[in-house]
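One structure is given below, encoded as structure tokens.
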Amino acid sequence: MTRNKSKLKKAIERSRLEIENLERKLSRSQVAIIEAIISQTKPSDAEVKYFRTYAALIDVERENLQKLVAELESLGL
């Protein structure tokens, strides 16, 4: 059982790091989109696509993280 807890804790940490990484990428796209809005130009289609993709990936990874945390809690911290 300790081994499962250890694996889950490592998976949780990897998931949190992945979310942080994706959020950094999302922020870059967000800045480009906001800059375009402020300068009253159309954001590039690529930036909009990146933003949507990263936002979706973050949602998926957050769901994964919640499942991992719930599984760890069910084993008893």
Side-chain angles (χ1 to χ4, degrees):
M1 193 175 278
T2 304
R3 198 164 178 204
N4 285 337
K5 284 184 183 182
S6 176
K7 285 183 180 181
L8 280 170
K9 287 179 182 179
K10 287 179 183 177
I12 288 168
E13 182 60 24
R14 280 192 303 272
S15 182
R16 285 185 176 142
L17 291 173
E18 180 63 16
I19 290 169
E20 288 176 16
N21 184 40
L22 290 168
E23 286 175 340
R24 277 192 294 276
K25 292 177 181 180
L26 178 75
S27 292
R28 285 186 225 135
S29 292
Q30 194 173 26
V31 166
I33 292 168
I34 291 170
E35 184 178 321
I37 291 169
I38 290 171
S39 63
Q40 298 180 345
T41 60
K42 182 181 180 292
S44 77
D45 291 338
E47 287 302 336
V48 172
K49 180 180 176 184
Y50 291 142
F51 179 85
R52 289 184 177 149
T53 299
Y54 292 132
L57 289 171
I58 289 168
D59 288 342
V60 169
E61 194 59 42
R62 283 186 179 147
E63 287 177 25
N64 180 52
L65 178 59
Q66 289 173 349
K67 289 176 186 175
L68 291 169
V69 169
E71 188 176 343
L72 181 62
E73 288 173 352
S74 74
L75 293 176
L77 296 171

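Fair warning: this is a prediction, and the values are worked out from it, not measured in the lab.
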Can I get a per-line list of side-chain donor-acceptor pairs under 3.5 Å for residues 57-67, giving both atom names and the distance, sequence neighbours left out?
residue : atom : partner : partner atom : Å
E61     : OE2  : S15     : OG           : 2.6
E61     : OE2  : N64     : ND2          : 3.1
R62     : NH2  : E23     : OE2          : 2.5

Could you list the donor-acceptor pairs under 3.5 angstrom formed between side-chain atoms of residues 35-51 and any protein atom two or more places apart in sequence or on another chain?
residue : atom : partner : partner atom : Å
S39     : OG   : E35     : O            : 3.0
S39     : OG   : A36     : O            : 3.2
S39     : OG   : T41     : OG1          : 3.2
T41     : OG1  : A36     : O            : 3.3
K42     : NZ   : D45     : OD1          : 2.6
S44     : OG   : E47     : N            : 3.1
E47     : OE1  : S29     : OG           : 3.1

Side chain to side chain contact (heavy atoms under 4.5 Å, CB included) assessment of R16 paired with I19: CA-CA 5 Å; R16 285 185 176 142; I19 290 169; 5.6 Å; no
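With rounding to the nearest 0.5 Å, the separation of CG in N4 from OG in S74 is 10.0 Å.
Following chains of ILVMFWY side-chain contacts shorter than 4.5 Å, one can reach V69 starting from L75, so the two form part of one hydrophobic cluster.
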